[in-house]
**Q** 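After the structure tokens below, expect a handful of questions from me.
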Amino acid sequence: MNTSTLLTLWYKKNMRDLPWRQVKNPYVIWVSEIIMQQTRIAQGLPYFNRFIDKFPTVEHLANASIDDVLLVWQGLGYYSRARNMHQTAQTIVADYKGMFPKTAKQLQKLKGIGEYTAAAISSFCFNEKVPAIDGNVYRIISRIYDVREPVDKAKGKTLIYDLVSQLLPVQNCGDFNQALMDFGAMVCTPRQASCNICPLASQCQAKLKGTVEERPIKSKITKVRQRYFMYLLVTDGKNILIQKRDNNDIWKGLYELPLFELEKSMEVDAFLNLPEVKAGLPPKPMVLLDDFEPASHKLSHQTIHAKFLLFGSASLPKINGYKSILISNFDDYAFPKLIERYLNGRIKKIMKTKIWGSIKSL
DNA sequence: AAGTCGGGGCC
DNA sequence: GGCCCAGACTT
């Protein structure tokens, strides 16, 4: 039996029961694909359900505010996905009469829809015969054919594209593409692949040569930047200051506490004596009530070494660019995980202590 | 072509 | 600590 038939048969028996598997609604498929980019199903699933619940149609999404979209996205990461989705929803409503285009080529013109997602939507919903090549496919094809070309370079990408294109069945191409996803997630996994139950084991070149664990080959090495953040939580016991991140940096569009970024790690005392800090701090009377250093916050490309300083102030100063909100309402705003943990953890505990009550008498 | 963009799970 | 996950965009 040929490779694609074996994979399709395996899929019919073993397919995962995912909420978007029962529908051919391009909006729902689109939402699922964007949310799942670079994300494990288990992590993305609750976000998908909340997202569809909150924005059941492309019109709901188009009419929402970006802050509301980011609030649903909070904690998932890669926030440009949410910003691009919001923009594309508005494009679909304004320029496409609320209907998604049906070909991969047209879909790829939309913001946030690249080659993979365009192929996924058009093949899943409209059965277009195009390969949807994601990380699973790079891995599976690299193993079946024992590809030694790095898959993160143009030559390797083209090779994988050609190889998987030859496997595409004429009919039910969408099912075949989804079969590869599930097969990669359940059998041909990155580590400890289940070759013992693999229907392709006898024809898998990597299995025959013993190179399964070494495929696919990747050439890139990600360099991790170290960053040092000093966050200030300034409060009168009731309100806090926050700001929106609008520059071209991580967490764009999310809210955060007033921030000083430092070149290197610094003790709290030294930090407070910096001229720019003295000048930037709100006027007295203000008192340092707590300092806290969580474990370093690791992103794929940056490690954030953060410290949080809690300041009590008799009255909350008005500073340009900052917004004053009720601390009890902080979950109405989308924060990075690093901030959200601090507010929900350390600060919630402190709020129940005498220290917190004493702020009000400053 | 290389760099940037999150967070979490697993080894 | 490193790798990977239903990748795309910017430079």
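As the structure is a prediction and not an experimental result, all values here were calculated from the model.
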**Q** For the pair K157(A) and D152(A), find out whether any cationic side-chain nitrogen is under 4.0 Å from an anionic carboxylate oxygen.
**A**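 So K157(A) does not pair with D152(A) through a salt bridge.
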
**Q** Could you tell me whether K209(A) and D146(A) make a salt bridge, using a distance below 4.0 angstrom between a side-chain N and a carboxylate O?
**A**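 Yes.
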
**Q** Considering only nitrogen or oxygen atoms on both sides, find all protein atoms under 3.5 Å from nucleotides 1-3 of chain B and state each distance.
**A**
none

**Q** S122(A) and side chain to side chain donor-acceptor pair (under 3.5 Å): which partner among K129(A), K105(A), E128(A)?
**A**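 Of the listed options, the one satisfying the test is E128(A).
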
**Q** With a 4.0 Å heavy-atom cut-off, tell me which residues in residues 70-80 of chain A come close to DNA chain B, sorted by residue number.
**A**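 DNA chain B contact set from residues 70-80 of chain A: G75(A), L76(A), G77(A), Y78(A), Y79(A).
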
**Q** With a 4.0 Å cut-off, would you call R227(A) and D249(A) a salt bridge?
**A**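 D249(A) and R227(A): salt-bridged.
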
**Q** Less than 4.0 angstrom between a side-chain N/O of H301(A) and OP1 or OP2 of dG6(B), yes or no?
**A**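 For dG6(B), OP1/OP2 do not have a side-chain N/O of H301(A) under 4.0 Å.
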
**Q** Have a look at N177(A) and say if it touches a base, only the backbone sugar-phosphate, or nothing, with a 4.0 Å heavy-atom cut-off.
**A**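 Nothing, no nucleic acid heavy atom in range.
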
**Q** Give the residues of residues 13-47 of chain A touching DNA chain B, defined as any heavy atom closer than 4.0 Å, sorted by residue number.
**A**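 By residue number: Q38(A), T39(A), R40(A), Q43(A).
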
**Q** For R139(A), is there an ion pair with D134(A) - N to carboxylate O distance below 4.0 angstrom?
**A**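 Between R139(A) and D134(A) there is no salt bridge, as every charged N stays at least 4.0 Å from the carboxylate O atoms.
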
**Q** On a whole-Å scale, what distance lies between the P atoms belonging to dG9(B) and dA8(C)?
**A**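 One P to the other, the span is 24 Å.
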
**Q** Would you list the pairs meeting ring-ring contact (aromatic ring centres under 6.0 Å, His included) in which at least one residue belongs to residues 108-141 of chain A, sequence neighbours left out?
**A**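 The answer is none; no pair qualifies.
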
**Q** Atom CD1 of I304(A) and atom P of dG6(B): how far apart are they, to the nearest Å?
**A**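 Answer to the nearest Å: 10 Å.
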
**Q** Can you find a side chain N or O atom of R81(A) that sits less than 4.0 Å from OP1 or OP2 on dT4(B)?
**A**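 It does not, given that no N or O in the side chain of R81(A) lies less than 4.0 Å from OP1 or OP2 of dT4(B).
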
**Q** Remember a base hit wins even if backbone is also touched, and classify Q302(A) as base, sugar-phosphate or nothing at under 4.0 Å, heavy atoms.
**A**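 Touches sugar-phosphate only.
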
**Q** For DNA chain C, determine which residues of residues 114-137 of chain A have any heavy atom closer than 4.0 angstrom to one of its atoms, and list them numerically.
**A**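 Result for residues 114-137 of chain A: G114(A), E115(A), Y116(A), T117(A), D134(A), G135(A), N136(A), sorted by number.
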
**Q** With DNA chain B as reference, determine whether I250(A) or Q192(A) sits nearer its 5' end, using the nearest nucleotide of each.
**A**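 In this pair, the answer is I250(A).
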
**Q** What are the bounds, 5' to 3', of the part of DNA chain C that sits under 4.0 Å from heavy atoms of chain A?
**A**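 First and last nucleotides in contact are dG1(C) to dT10(C).
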
**Q** Looking at E115(A), I want to see if its CD is surrounded by more than 12 non-hydrogen atoms of other residues, nucleotides or ligands under 6.0 Å.
**A**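 Counting other residues, nucleotides and ligands, CD of E115(A) stays at 12 neighbours or fewer.
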
**Q** Taking the six-membered ring of Y342(A) as reference, does the NZ or CZ atom of R346(A) fall below 6.0 Å from its centre and within a 45° cone about the axis?
**A**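 Ring-cation test returns no.
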
**Q** For the salt bridge (Lys or Arg N to Asp or Glu O under 4.0 Å) test, which of K323(A), K337(A), R245(A) pairs with E256(A)?
**A**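 Option passing the salt bridge (Lys or Arg N to Asp or Glu O under 4.0 Å) with E256(A): R245(A).
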
**Q** Take atom NZ of K307(A) as the centre, draw a 6.0 Å sphere, and report whether it contains more than 12 heavy atoms from other residues, nucleotides or ligands.
**A**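 More than 12 within 6.0 Å, yes.
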
**Q** Could you tell me whether K244(A) atom NZ has more than 12 heavy atoms of other residues or ligands within 6.0 Å of it?
**A**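 Counting other residues, nucleotides and ligands, NZ of K244(A) exceeds 12 neighbours.
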
**Q** Does the gap between the ring centers of W251(A) and Y79(A) come in under 6.0 Å?
**A**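 No.
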
